[in-house]
Every structure is written in structure tokens, then in C-alpha cells.
Amino acid sequence: MKAVVSASSSGFCVRVFHFLLISAAMLSAWCAPALAQESSQATASALATQPLITQPIDESQLTTLKGNTHPLAKPIYDVGIAPATLPMERMLLVLKRSPLQEAALRKLLDDQQDKDSPNYHKWLTPEQFGKQFGPTDADMQTITAWLQSHGFQVGTTKGRTVLEFSGSASQVQEAFHTTIHKYVVNGEQHWANASDPQIPTALTPAIAGIMTLHNFLKKPHYILSKEKGKIIPGKHPQVTLEDGSHALAPGDYAVIYNISPVYSTLNINGSGITIGVVARSDIELSDFAAFQSLLGFSSNTPVVIVNGSDPGDVPGDDLEGTLDATWSQSIAPGATVNFVISASTDTTDGVDLSSFYIVENNLSNIMTESFGSCEEFNEDAQIAGTAALAEQAAAQGITYMASTGDAGAEGCDDPNTETVATGPISVNLPASTPFTVAVGGTEFNDTADPSKYWSSTNNTGPEGQYSALSYIPEDVWNDSCPASSCGASDANIAAGGG
């Protein structure tokens, strides 16, 4: 597959602004002192010795985990119960913190950003985080033993924010008192729980729920350009589009956002920093090499890490992965980009598995995720688990960056395929948690005098080919267009226009 990122002179979603913030994150990460010692959080350590589970487990005393059925798991879409042997693999059990632990964690997060605090930039390891802010050893043993008593295979957890386990549909029904059904929505088949799960009441102080029991997956946040383009080969290749607009290269970003002095004068290019890219599809590294060759610049090559089963090439997801890996590495050419791939299962989104893997293994200084779904379509446990994992990432010194998507308040609708918004008003998760750096797009406001900002031919610099001349004024990204002025076939809901 080949991907060309293009910029219209009448408007470009600076999606890769997402990655320009990497520069600021890198500056912060380089200043980080050694890891914090467990003794630095005496209050949290004391809290960690207090068990959350204080009653014996009684399977006849159950509590319903409300708000944990996907809104599209409706009877109208239901085509039958799942086979008892249906694999339910890599489920993520969301664990709780006590109110006192949560308060101590918020205090630590504030202190880590306070230059006057002895905990300034003293990041925790996943193990330290789990010991201070997770359930106790005794609680973990109780939870693990309960899952195993129902036949589940249980993994390990360092940070004690989520716990991975696997089983079958019949085991889920036995342990969580909900059945798994098949649903067909818009021609797509999905598995999902038909009702809110239940757990023994004794476990509720330590368990928030299962992150998901379905495969309604997050959507990649790219939007394909409607303009057709071609490459004119030569020493200075020209990328042109039918409407005469411009394509952006890494060299253009270096000019527009004045990154060149950071590279040349400050000698900062990402060296020594790791960027974790959340993915759920393989990518072709040959595409990455072709991109570099075409535009005349060099950088490290992304390191591909397969977490579990290899999903292979997943159409659509591979495009998002190629964009994320390519532009992360382009803006920070000296950085190590760890491209983490996790296959989705019938119960768990590969995106969640990849982000969990990066945080749980302290794999990066920066984590970037360009997938999401509207908060309205996420269950309570999914929202709680996402926020809790983002908190853990922050305590470990990981800058967690998330794209907001391009549908604005119409986050439940797809700007690529829909022209009229039908979903509820809702923003994107994980951008909605306060512990991520949520990045939206802008568009260039250059139509009044394009020649002021763009050269008619390419120039050559240390970062390769470029044609931008200076910073270009920006407006909020908004490609929405009402049918009254665009015609019904071209109207769209990007940025919530509708």
C-alpha cells in the first residue's frame, strides 16, 4: 500500500500537529531525573497495605455492574446466542483504587509537575505504581483465585490497573452472569454481552468491571483526501493535486513550525527518546522507506513489536498505522519508534491491548494513539479503565497523546462515510480523559495569497524537500459543508457541521 498525505491550500487538517507536540514532550522527558523510590510516597505505601476486599466471596450475593452493555447490543440486531466454546480471549479486568489511593495519586501527579517538589519528574516504574496505587497482594491473590475457579487463564499485571484473562463464552456466563450474543449492525457481525455483568459483591471494592465484552472496535481517525494527485519524478519531485493544492513533507513542518533550529542549533532530534505507537495492524516498512526516498530525508526505522498473535494486514488500520509511524519518525528522526501491534479478539480491541502493553512495559516516553470512539458508545468500565491507564502512564512519565477525531461534537458519526449526523452529541475517548494530551486538527488559512506561503518549486534542506516559506496562519479544522451550498452528494459532517 502507498499513502500520500496531502494538504489543500484551502484547508489542511494538521493531524500531524499531534506529533509536533512530541518536541515539547521530548524536552520534558530529557529533563527527567532517576526513578522515584517507593519510600518517596509514604502515604501511598501505607494505603497499599490496606486490603480492599474484606469479606469472603459469596457467589449468591451479586452486584450488577451497571452501564456495561454496549448501546448497539440491542434485541433488534440480535441474531442468537454465542456457542458455549466461543473463545473469549485477552479480556481486561479493570481494577479499582480506594478513594484515599486515588487522592494520593492525584497529589503525586501534581508534585511530579511542580519544580518546587522533591518528586518533580521522579517517575514510577510499573511495579512501583502497582504497589502504591493498586490492590494489595492479598487482593490480587483473591481476584486471581476467583477467576481461576471459573476456569479462566489469568495473566500477570505490574501496574495493577487492569488484569488480562481468557476463557470461553460459557465461562463468562458462569462467572459474570451474562450471555454473549451475535449482533449484526449495518451488515457487520459483532459479539457482545446481552446484559450488564454481575460479580460477587465482596469483589466490588476492587473490581470496576471488564473493559469490554464485545468487538465493537474503535475507529481509525484518518480522513482520506478527495483530491487526486500525482508525483512528477526528478531530483526535486513535485507532488501535485488536481486542485493545485500542496502536499506536506517533513521539511515543510520544519519550516512552518520553526523546528529547524531545534534540530540544528539545539541538536535535538529525538535521539534517546522512545515513541510508542498504538496499532492493531501490520504495516509495510517498504512504504516508510519509499516515503523517505521520495522526499529526500533520513531517520531511524520503526521497531515493530507484535504483542501476542499477529493480526496481519488489516485494511484501514494499516493506513492509520503507516501515517502514525511515518510522521512520528519524520518529526523526531533520531527517536526510537516502537510500533506495537495487537490483534483484536472477540472481546477486546487491539488498540486497548497495545496501549496496555506500552504502559505496562514502560516502553516509551511518549505514547500516541489515533483510534477512538465516541464516549457515548463506551461502557462505564471502558471509560474508567482508559482513564486509570492514562493516570498510570502519567505517573510513569509517559506523555499519552490522543487524537480527537474530526467529527467534533458528532463523535459517534463517521465523517468518511456519513453526510448527515445521526448519533448523539459526544466527544471522543480516549481524548476525553483529563490524563491524555488531546490533539485536534487545524487548517491553513492561506487562500488569500498562497504565493506568500508557498514556493512554486521545491527547495532542499537538511530535512529533505520542502516548499513552505514560513509559518502559515491556521483556523480550526472544519470541512463541514451544508447541502444548500455544496449539494447533497458533497455535504459532510466533519467537525460537526452536519
Side-chain angles (χ1 to χ4, degrees), residues 1-20 22-23 222-270 284-302 319 322-335 441-475:
M1 54 166 283
K2 303 294 182 186
V4 175
V5 181
S6 64
S8 168
S9 59
S10 61
F12 170 61
C13 171
V14 188
R15 178 179 309 290
V16 190
F17 185 75
H18 189 137
F19 298 116
L20 295 178
I22 287 172
S23 301
Y222 65 82
I223 288 185
L224 295 174
S225 172
K226 296 179 181 179
E227 300 298 333
K228 295 180 181 180
K230 64 179 180 178
I231 297 173
I232 303 173
K235 183 178 180 181
H236 301 281
Q238 306 292 319
V239 182
T240 64
L241 292 105
E242 288 182 345
D243 67 348
S245 56
H246 302 85
L248 265 76
D252 291 307
Y253 280 96
V255 170
I256 295 169
Y257 295 105
N258 202 29
I259 308 175
S260 294
V262 177
Y263 295 145
S264 58
T265 305
L266 299 180
N267 198 31
I268 293 176
N269 68 351
E284 295 288 345
L285 290 180
S286 58
D287 287 345
F288 181 85
F291 182 81
Q292 286 190 320
S293 176
L294 172 69
L295 299 175
F297 76 100
S298 61
S299 69
N300 293 333
T301 299
L319 174 56
T322 301
L323 287 169
D324 293 357
T326 298
W327 284 99
S328 292
Q329 198 74 81
S330 298
I331 301 301
T442 62
E443 60 185 9
F444 292 144
N445 184 14
D446 57 355
T447 55
D449 187 5
S451 63
K452 181 179 179 180
Y453 305 108
W454 301 99
S455 170
S456 59
T457 58
N458 281 354
N459 298 303
T460 303
E463 294 78 41
Q465 307 298 317
Y466 67 95
S467 58
L469 298 175
S470 67
Y471 173 72
I472 303 172
E474 297 167 80
D475 285 334

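Computation of the quantities below employed the complete heavy-atom set of this structure, encompassing side-chain atoms and omitting hydrogens, waters and symmetry-equivalent molecules. Quantities reported herein were computed from a predicted structural model and do not represent experimental measurements.
For the atom pair CD1 of I268 and CD1 of I259, the computed distance is 11.5 Å after rounding to the nearest 0.5 Å. Between atom CG of residue D324 and atom CG of residue L319 there is a gap of 9.0 Å, rounded to the nearest 0.5 Å. Rounded to the nearest 0.5 Å, atoms CG (D252) and CD1 (I472) are 7.5 Å apart. A distance of 8.0 Å separates CG of N459 from OG of S467, quoted to the nearest 0.5 Å. One distance of note links CD1 of I331 with CG of N269; it measures 12.0 Å at 0.5 Å rounding. In this structure, OG on S299 lies 12.0 Å from CD on E463, to the nearest 0.5 angstrom.
Between E284 and T322, the closest side-chain pair of non-hydrogen atoms is not below 4.5 Å. Between Y253 and W327 the shortest side-chain heavy-atom distance falls below 4.5 Å. Between Q465 and T460, the closest side-chain pair of non-hydrogen atoms falls below 4.5 Å. Side-chain contact check for Y471 versus I256: some heavy-atom pair is nearer than 4.5 Å.
In terms of heavy atoms, P333 sits closest to S298 at CB-O, 3.9 Å. F291 approaches S330 most closely through the heavy-atom pair CE2-OG, 3.6 Å. The two residues Y453 and S470 come nearest to each other via the heavy atoms CD2-OG, 3.8 Å. Nearest heavy atoms, L295 versus A249: CD1-CB, 3.7 Å.
There is a side-chain donor-acceptor pair under 3.5 Å between S451 and D449.
The backbone N or O of A289 sits nowhere less than 3.5 Å from a side-chain atom of S293 that would complete a donor-acceptor pair. Side chain of D475 to backbone of E443: no donor-acceptor contact under 3.5 angstrom is found.
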>> If you apply the rule side chain to side chain contact (heavy atoms under 4.5 Å, CB included), what do you find for K452 with L469, and how did you get there?
In response: CA-CA 8 Å; K452 181 179 179 180; L469 298 175; over 6 Å; no

